[in-house]
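When a ligand or atom number is given, it counts from 1 through the structure's own listing order.
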Amino acid sequence: MDRYIMGIDVGGTKTAYGVLDGTQTLIRSLSHPSNGEAEPAAFFDHIAANVEELAAACGIKKNQISGIGLGMPSFILYEEGYIVKTSNLVRIKEFPARDYLSQKLGIPVVLDNDGRAAGLAEYRYGAGRGFDKMLYCPVSTGISSALITGGQPYRGTYGWAGETGHMIATPGEGIECGCGNRGCYMSWCSGSMIVKHILQWIAAGEKTMMIDMVGGIDKTANIDSIILEAAYDKGDAMAVKALNQMIHWLGVWFYNLYVTYNVNCFVLGGGLVKMGEKLLGPVRRTFDGYNHDKRPVYFKTAECTEHCGVLGAAELVRSIL
Ligand SMILES: [Zn+2]
């Protein structure tokens, strides 16, 4: 009897599903909008229905599915299979998602953070191929770092190892982050937090073309990393200041990760990496300025862009089989 693995990647706006056969080939995938209004039980009932629909479409019986990997953009207690909270699906919190879905479908489920799942995908199929140890670092709305070593993710005691964006860089100084502290790395250089700095500078009367680019002072809530990059390309002084702030703190963060883990392969994912060399080149030079050792350190851009979340979620199952 052929065996299969299913990967599910839950995002704030859409949920992607994929079926992999015994050769780890993705044989079918589909995507549905995520229902941000649903309570947790209804949310996972909907996912269970989509799993059954996809299995039927592939002609697969449930007992042929070895396991389902579920990657969630959530704060997760791995051992308990429990979702504590989900920042962009605010109702999906305080819920034993792994056992709920597993009992509903009669299939083993592995639940983990989506960053860790993406890290496994990069390790197996992407930019981390050939490295025994790597750090996958999404640089996006938030920043974090998933450590993969020998094909296994390192989760820590409770499950939130790698939340290094919340390491405190300037105690008590700066903007308060969702972690409850001021001055964590994320508060200085993530995509969402840099916008908060820009809005503070605007509120203090500083000038920027970004105000006109979004249609006026009452529309500044629409400033995002795309507007920031466009203003930077036109030489806007505030955009340059914002990008330099990100470069500085990302460089410091990467250096601190390097001396903490001594892992020499960084795979950078997330939306802000699309800025390319204008961000990553200076970040690398900042890192090199602190690193007084000549042994190689590789900064790579994530390669598993399409189906990354689904492949990574499936890898969660493979890592325990
Ligand atoms: Zn924080």
| message | A quick test of your reading: do over 12 heavy atoms of other residues, nucleotides or ligands sit less than 6.0 Å from NZ of Lys62? | response | yes
| Is the shortest side-chain N to carboxylate O distance from Arg295 to Asp293 below 4.0 Å? | yes
| query | Under a 4.0 Å N-O cut-off, is there an ion pair linking Arg155 with Glu79? | reply |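 No, Arg155 and Glu79 are not salt-bridged.
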| Given the side-chain rings of Tyr298 and Phe131, with only the six-membered ring counted for Trp, is the space between their centroids under 6.0 Å? | yes
| task | Using a cut-off of 2.8 Å, count how many protein N, O or S atoms are strictly closer to the Zn ion (ligand 1). | result | 4
| message | Pair Asn113, Tyr78 - check side chain to side chain donor-acceptor pair (under 3.5 Å), show working. | response | CA-CA 9 Å; Asn113 173 274; Tyr78 178 76; over 6 Å; no
| task | Could you pull out all residues at least two apart from Ser145 that satisfy side chain to side chain donor-acceptor pair (under 3.5 Å)? | result | Thr164
